[in-house]
**Student:** 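Can you keep this structure in mind? I'll have questions shortly.
Throughout, residue positions are numbered sequentially from 1 according to the sequence presented.
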Amino acid sequence: MDIGTSISIDDDDGWSNGSGGGVFVTGTDTGVGKTLVTAAIVHALRSDGIDAVGMKPIATGIDRDVVFKSTDAEIIAKYSCLSSEEHELVNPVFLALEAAPYMASIVLKQDVDIERVFKAYKRLKERHEFIVVEGIGGVMVPIKKDYYVLDLIRDLELPALIVARARLGTINHTLLTVEACKRRGVEVIGIIMNMIDHSSIVEVNAGSIIQELSRVPVIGSIPYIKEMGVDDIPYIAKYIRYDLLLT
Ligand SMILES: Nc1ncnc2c1ncn2[C@@H]1O[C@H](COP(=O)(O)OP(=O)(O)OP(=O)(O)O)[C@@H](O)[C@H]1O
Ligand SMILES: [Mg+2]
C-alpha cells in the first residue's frame, strides 16, 4: 500500500540530513505526552553536554498572538535554550485551527508549506548537534493530501520514537503505529510508555507485552504525575533511557 507521496529535501547546498543526530517523537494519539517527552529529552541531552534542540515543525490550534503561536513550540524552545533569532525555526508552519493540518488547510484555505519545514530543520541541523522533532498527533495524521506524518518522518530520514499512553487500548494503538512505520520504511528506535498508573497491573505490564510483541525496546516508563506542569519536565528525563537515542 502506498499511503503517501515523497518530497525530496535535497537542495543546492548539497546538504544531506542523514539519519544520525536526531529523533522524531511521534505518538499513538494526540495528548499522549509527546511535548513533555520531547522537552525532557532535549533537557537531558543538554545537561549531558550535548547541543540538542527541539522543534515542532507543524502545529495547529488557537493563535495566541505571542512569539510562539503554538504552546508546544514555546515549551520546546524553553528547554532548547535557543537564541531569539532561532525562534522562527522551532515552528515554521502554524494553522490557526485545532485539527489535522490537512483539515485545517482546507477550512482556512491556507497551504501547508512543507518546504518551510525542511528549510527550518536544515538550519537547526547546521547549528546544533541533535534535533528532537515533535510530530503532530499520530503517524497517520494527514499533513497534505496524500502526505502523512509518516511521510514527513521518512523525508527527514529520522528514526521514530513512539509515545504511548499506558491505558486500556494501548497495545492495539502501539502495535498499529509500529506496523505503519515498518510498512513505510521508518525505523522505530523505541517506545515510551507514559502516564502509568502503578496501582493498575494492566498498565504496569503493558510495556513489557508491547516490547515482546513489537520487538521494539521500551526505553522509558513514565508514571502518571498528578498536576504535572511544564516545570516538572526535567524530572521526567530520569524515566527515559535517552542515552540509547545516541547510538
Ligand atoms: N506522565 C504524566 N503525568 C501526568 N500528566 C501528564 C503526563 N504526561 C503528560 N501529561 C499531561 O498530558 C497533557 C498532554 O501532554 P502533551 O502536551 O505532552 O501531549 P502531546 O502528545 O504533545 O499532545 P499534542 O498531540 O496536543 O501535541 C498535558 O497536559 C501534560 O501535562
Ligand atoms: Mg504536543
Side-chain angles (χ1 to χ4, degrees), residues 1-13 15-19 22-32 34-35 38 54-64 68-73 76 88-125 131-164 172-189:
M1 180 180 67
D2 190 15
I3 56 169
T5 51
S6 176
I7 293 177
S8 168
I9 54 174
D10 287 343
D11 67 8
D12 297 342
D13 302 341
W15 171 72
S16 157
N17 48 331
S19 58
V23 66
F24 193 108
V25 179
T26 186
T28 52
D29 198 359
T30 188
V32 292
K34 295 183 299 293
T35 303
T38 300
M55 157 177 213
K56 172 91 181 181
I58 304 168
T60 63
I62 297 162
D63 182 349
R64 302 179 306 144
F68 293 102
K69 293 176 179 172
S70 150
T71 316
D72 286 7
I76 290 167
E88 61 172 341
L89 304 178
V90 178
N91 174 223
V93 173
F94 181 86
L95 294 112
L97 180 73
E98 197 169 16
Y102 180 50
M103 158 82 85
S105 72
I106 289 170
V107 174
L108 300 172
K109 296 184 174 49
Q110 186 186 328
D111 187 38
V112 177
D113 189 351
I114 288 284
E115 287 308 320
R116 266 180 78 94
V117 168
F118 295 136
K119 281 187 186 137
Y121 176 76
K122 177 194 168 190
R123 285 184 60 197
L124 284 175
K125 188 98 175 122
I131 318 285
V132 189
V133 180
E134 181 188 348
I136 179 159
V139 290
M140 284 301 287
V141 165
I143 294 173
K144 289 166 88 82
K145 185 166 165 54
D146 297 328
Y147 193 82
Y148 298 84
V149 166
L150 263 182
D151 299 302
L152 179 62
I153 307 174
R154 183 208 50 205
D155 288 345
L156 292 173
E157 295 180 27
L158 288 171
L161 176 64
I162 299 170
V163 182
N172 176 48
H173 293 147
T174 312
L175 296 183
L176 280 171
T177 304
V178 171
E179 196 61 34
C181 288
K182 277 190 196 158
R183 277 172 167 246
R184 204 80 195 110
V186 168
E187 179 200 355
V188 183
I189 199 167

**Student:** Going by heavy atoms in the side chains, are Val117 and Lys119 under 4.5 Å from each other?
**Tutor:** no
**Student:** Side-chain contact test, heavy atoms from C-beta onward, threshold under 4.5 Å: evaluate it for Tyr121 versus Leu89 and give yes or no.
**Tutor:**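 The answer is no, as the side chains (C-beta and beyond) never meet within the 4.5 Å cut-off.
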**Student:** Taking atom OH of Tyr148 and atom CD1 of Ile143, what is their separation to the nearest 0.5 Å?
**Tutor:** 11.0 Å
**Student:** Scan residues 89-98 for pairs that pass side chain to side chain donor-acceptor pair (under 3.5 Å), counting only residues two or more places apart or in two chains.
**Tutor:**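 Checked against side chain to side chain donor-acceptor pair (under 3.5 Å) - neighbours excluded - no pair reaches residues 89-98.
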**Student:** Please tell me if the side chains of Val90 and Phe68 come closer than 4.5 Å, counting only heavy atoms from C-beta onward.
**Tutor:** yes
**Student:** Which atom pair, heavy atoms only, marks the closest approach of Ala96 to Asp63?
**Tutor:**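 Smallest interatomic distance, heavy atoms only, reads CB-CB, 4.1 Å.
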**Student:** For the residue pair Glu179 and Leu176, establish whether any side-chain heavy-atom pair is separated by less than 4.5 Å.
**Tutor:** no
**Student:** Quick check: do Val133 and Leu158 have side-chain heavy atoms less than 4.5 Å from each other?
**Tutor:** yes
**Student:** Measure the spacing between OG1 of Thr26 and CG of Leu150 and express it to the nearest 0.5 Å.
**Tutor:** 7.5 Å
**Student:** Does atom CD1 (Ile62) have a neighbourhood of more than 12 heavy atoms from anything else shown, all under 6.0 Å?
**Tutor:** no
**Student:** Show the numbers, then the answer: is there a side-chain contact (heavy atoms from CB on, under 4.5 Å) between Asp113 and Phe118?
**Tutor:** CA-CA 9 Å; Asp113 189 351; Phe118 295 136; over 6 Å; no
**Student:** To the closest 0.5 Å, what do you measure between CD (Glu187) and CZ (Phe24)?
**Tutor:** 14.5 Å
**Student:** Keeping the roles fixed (side chain from Thr60, backbone from Ala99), state whether a donor-acceptor pair exists under 3.5 Å.
**Tutor:** yes
**Student:** Which of these, Val188, Leu152, Thr177, Asp151, sits in a side chain to side chain contact (heavy atoms under 4.5 Å, CB included) with Val139?
**Tutor:**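 Going through the options one by one, the only one that passes is Thr177.
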**Student:** Restricting to non-hydrogen atoms, name the atom on Pro57 and the atom on Pro92 that form the minimum distance, rounded to 0.1 Å.
**Tutor:**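 For Pro57 versus Pro92, the nearest heavy atoms are O-CD, 3.4 Å.
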**Student:** Kindly compute the distance separating OG (Ser70) from CG (Leu95), expressed to the nearest 0.5 Å.
**Tutor:**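 One finds 11.5 Å between OG of Ser70 and CG of Leu95.
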**Student:** Are the side chain of Lys125 and the backbone N or O of Gly22 linked by a donor-acceptor pair below 3.5 Å?
**Tutor:**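 Not confirmed, Lys125 side chain does not pair with Gly22 backbone.
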**Student:** Is there a donor-acceptor contact under 3.5 Å from the side chain of Lys56 to the main chain of Gly135?
**Tutor:**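 Judged by distance alone, yes, a pair lies under 3.5 Å.
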**Student:** Measure the spacing between CG of Leu161 and CD of Glu134 and express it to the nearest 0.5 Å.
**Tutor:**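 Interatomic distance, Leu161 CG to Glu134 CD, rounded to 0.5 Å: 11.5 Å.
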**Student:** Report the C-alpha distance between Asp111 and Lys144 in whole Å, list the side-chain angles of each, state the deciding distance to 0.1 Å, and finish with yes or no for salt bridge (charged side-chain N to carboxylate O under 4.0 Å, His left out).
**Tutor:** CA-CA 9 Å; Asp111 187 38; Lys144 289 166 88 82; 3.2 Å; yes
**Student:** Kindly give the heavy-atom pair with the smallest separation between Asp29 and Val32, and that separation in Å.
**Tutor:**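 Heavy-atom minimum between the residues: O-CG2, 3.4 Å.
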**Student:** If you take all heavy atoms of Pro101 and Val112, which pair is closest and at what distance?
**Tutor:** O-CG2, 4.1 Å
**Student:** Enter the distance from Ile162:CD1 to Ile189:CD1 here, rounded to the nearest 0.5 Å.
**Tutor:** 11.5 Å
